[in-house]
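See below for the structure under consideration.
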Amino acid sequence: MAGLWHLSVREAGLRLQRREISSVELTQDCLERVQQVESRLHAFITITPEQALRQAQAADQRIATGQTCPLTGIPLQVKDLISTAGIRTTCASRMLENYVPVYNATVVDKLLDQGAVVLGKGNMDEFGMGSSTENSAFAPTHNPWNTKRVPGGSSGGSAAAVAAGLVPFALGSDTGGSVRQPAALCGVVGLKPTYGLVSRYGLVAFASSLDQIGPLARDAYDCALVLNGICGHDPRDSTSLPQPATDYTSGLEQELRGLRLGVPEEYFTPAMQPGVRQAVEAGIKALEGLGATVQPVSLPTTKYALACYYIIAPSECSANLARYDGVKYGYSFQDTSNMWEAMEKTRQGGFGPEVKRRIMLGAYALSSGYYDAYYLKAQQVRTLIRQDFARVFQQVDALVAPTSPVVAFPLGDKTADPVQMYLIDVCTLPVNIAGLPALSAPCGFSEGLPVGMQLIGPHLSEATLLRIGHAYQQATDWHLRRPEI
Ligand code: GLN
């Protein structure tokens, strides 16, 4: 049975439960699709066909007994900084090229318990640092809409895999936009949950106060299904929220009448491409047509978000990445009898240039004499950014904005200038700084490439964001367009 790879999570789940298809058939179909296009995309770092087929067989047995969940038998890809027991977890770094975790991240355990099928590990920017997946130590991922373009990053492999139909859904991580921005550039839906809603246990740390795991899928409904499967309190993550289990699909059909949306003027920057602006403005009009009221709002501290992020994230990164010393994990330079030289050469050879840049930035910002001027100040700005959001959320239920000011750019276009790359994240970083949830959904095309519209809400407003996304997708068909690859 061919052509199952294009099924959404929801459709595939229903057909599996009705036993019209089997998980083995679906998994084989996805694996064939991977074979067809992966050499042009490099969306995976590791593919695990044998294990996937074993998991699919087990899922079919489970379905035969009637004990199923919506994700039973559904294939997925896991970003390669989420620990998978027995499957190497490289973070797209030479440092961890041969690192095989002995335990699963909580999110992976949860999905396996529900009978989901892990097809492999997603390509990404090294340790999540980047916006184009060109910082992968192995190979850059290509955008399925135009293979000369980047897929965005850092979860570029995940977004490309979902867009090209290699998997119905993927798990990415978002520290400053890494789920939403690649989702936007590849024309899929990406959700960054509220900080603490999804366990970070087993997520290799980049910037611990910002990191959050989130789903990428082809529509809002599927994101709700996946969020159901991965959220919930985890005693092994001290930042995990004590939230009771919620069914994020239950309120999706509620209409938008009466919903108040704010459009933050600061997100429509001069650097925004006109085609992106047009698509996002048309998206906002469509939401208005569905009964929402729309008003302009202002988040004046947005202009400090980039600077604030690029102090806080590198500072936390420099602390988190201190553990790669050649002793505990992964790559180890052995050809010396001097411990310090071994450590130096390990870090020199194991990390790529962007990771080294971040470690240096962070170590500088945290060093004595500079701490107050940089790190402490950034934390104070962080409070102001949070307050900005808190203030507008007294007037509106959610914000609508672009996800990225630009569509997918050519490979190599921004690699020479790190600041150009950082500027891509202006619309996504503030959300992480404030710990808020946000959803990116396709809202049109510019230059033949997908544009993403971002919905931002107050803490724990995932149900509202998904409801807006779902209503929008019932009325439009951008999310149904598929790249011809
Ligand atoms: N592009 C941003 C960075 O390079 C965000 C990355 C992320 O969210 N992991 O830090």
Side-chain angles (χ1 to χ4, degrees), residues 78-82 91-93 122-137 140-141 150-159 170-186 190-193 195 198 200 203-216 305-318 320-321 351-362 365 378 403-406 408-409 413-415 417-440 452 454 456:
V78 178
K79 187 178 181 180
D80 212 17
L81 45 41
I82 299 175
C91 298
S93 181
N123 202 0
M124 54 182 281
D125 286 298
E126 187 174 3
F127 285 103
M129 299 171 201
S131 308
S132 68
T133 315
E134 289 164 295
N135 295 336
S136 167
T141 299
V150 303
S154 64
S155 314
S158 313
L171 291 185
S173 70
D174 192 313
T175 305
S178 282
V179 164
R180 291 160 286 155
Q181 186 260 17
L185 271 47
C186 289
L191 174 71
K192 184 262 169 206
Y195 185 75
V198 175
R200 289 185 299 113
L203 169 69
V204 179
F206 161 14
S208 309
S209 77
L210 302 161
D211 298 339
Q212 189 65 190
I213 293 170
L216 294 102
L306 195 83
C308 173
Y309 175 87
Y310 276 99
I311 296 293
I312 294 176
S315 296
E316 293 183 13
C317 136
S318 79
N320 275 326
L321 271 59
F351 291 137
E354 183 59 29
V355 174
K356 287 178 186 158
R357 186 177 299 122
R358 304 281 179 111
I359 293 173
M360 284 190 281
L361 276 170
T403 307
S404 160
V406 297
F409 44 91
D413 206 35
K414 296 184 195 296
T415 39
D417 184 351
V419 176
Q420 285 308 312
M421 195 69 93
Y422 299 169
L423 284 168
I424 302 286
D425 302 325
V426 279
C427 301
T428 48
L429 305 167
V431 162
N432 301 73
I433 292 174
L436 302 173
L439 180 87
S440 178
Q454 187 178 202
I456 304 171

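Order of listing sets the numbers, starting from 1, for every ligand and every atom in it. The model shown is predicted, which means the values in this text are computed figures rather than measured ones. The figures that follow rest on heavy atoms only: side chains count, while hydrogens, waters and symmetry mates do not.
Short contacts between ligand 1 and Gly176, defined as distances under 4.0 Å to a heavy atom of the residue, involve ligand atoms 5 (C), 7 (C), 8 (O). Less than 4.0 angstrom separates some heavy atom of Met129 from each of these atoms of ligand 1: 4 (O). Those atoms of ligand 1 that come under 4.0 Å of a heavy atom in Ser154, given as number and element, are 9 (N). Listed by number with element, the atoms of ligand 1 under 4.0 angstrom from any heavy atom of Gly130 are 1 (N), 2 (C), 3 (C), 4 (O), 6 (C). Counting the atoms of ligand 1 from 1 in the order shown, those under 4.0 Å from a heavy atom of Phe206 are 9 (N), 10 (O). Heavy-atom contacts of Tyr310 reach the following atoms of ligand 1: 2 (C), 3 (C), 4 (O), 10 (O) (cutoff under 4.0 Å). Listed by number with element, the atoms of ligand 1 under 4.0 angstrom from any heavy atom of Tyr309 are 2 (C), 3 (C), 5 (C), 6 (C), 10 (O).
From Met129, atom CE reaches atom CZ of Arg357 across 11.5 Å, with rounding to the nearest 0.5 Å. With values rounded to the nearest 0.5 angstrom, Asn432 atom CG is found 5.0 Å from Asp174 atom CG.
The shortest heavy-atom distance from Ala313 to ligand 1 is not under 4.0 Å. By the 4.0 Å heavy-atom criterion, Arg358 is counted among the residues contacting ligand 1. Under a 4.0 angstrom heavy-atom cut-off, Tyr422 registers as lying outside contact with ligand 1.
In this structure, Tyr310 and Tyr422 have parallel ring planes: the angle between them is below the 30° cut-off, well short of the 60° mark.
Heavy atoms only, all atoms of each residue included: Leu321 and Ala205 are closest at CD1-O, 3.8 Å.
Residue contacts with ligand 1 for Ser178 involve both N, CA, C or O and side-chain atoms from C-beta outward (heavy atoms, distance under 4.0 Å). Within the 4.0 Å heavy-atom criterion, the part of Asp425 lying near ligand 1 is the side chain and not the backbone. Proximity of Phe127 to ligand 1, defined as any heavy-atom pair under 4.0 Å, is not found for any part of the residue.
Using a 3.5 Å distance cut-off with no hydrogens or angles, the side chains of Asp425 and Ser131 do pair a donor with an acceptor. A side-chain donor from one of Ser208 and Asn320 sits under 3.5 Å from a side-chain acceptor of the other.
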> Hey, mind stepping through Ser404 and Ile424 against side chain to side chain contact (heavy atoms under 4.5 Å, CB included) and telling me if it holds?
Replying inline: CA-CA 6 Å; Ser404 160; Ile424 302 286; 4.2 Å; yes
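In this structure a side-chain-to-backbone donor-acceptor pair under 3.5 Å is present from Ser155 to Ser173.
Two residues are said to be in side-chain contact when any heavy atoms from C-beta on lie closer than 4.5 Å; Arg358 and Phe206 meet this criterion. Annotation: side chain of Thr428 is not in contact with side chain of Lys192 (no heavy-atom distance under 4.5 Å).
Ligand 1 has an N or O atom lying under 3.5 Å from an N or O atom of Gly128, backbone or side chain. In terms of N/O distances under 3.5 Å, ligand 1 is not approached by Lys79.
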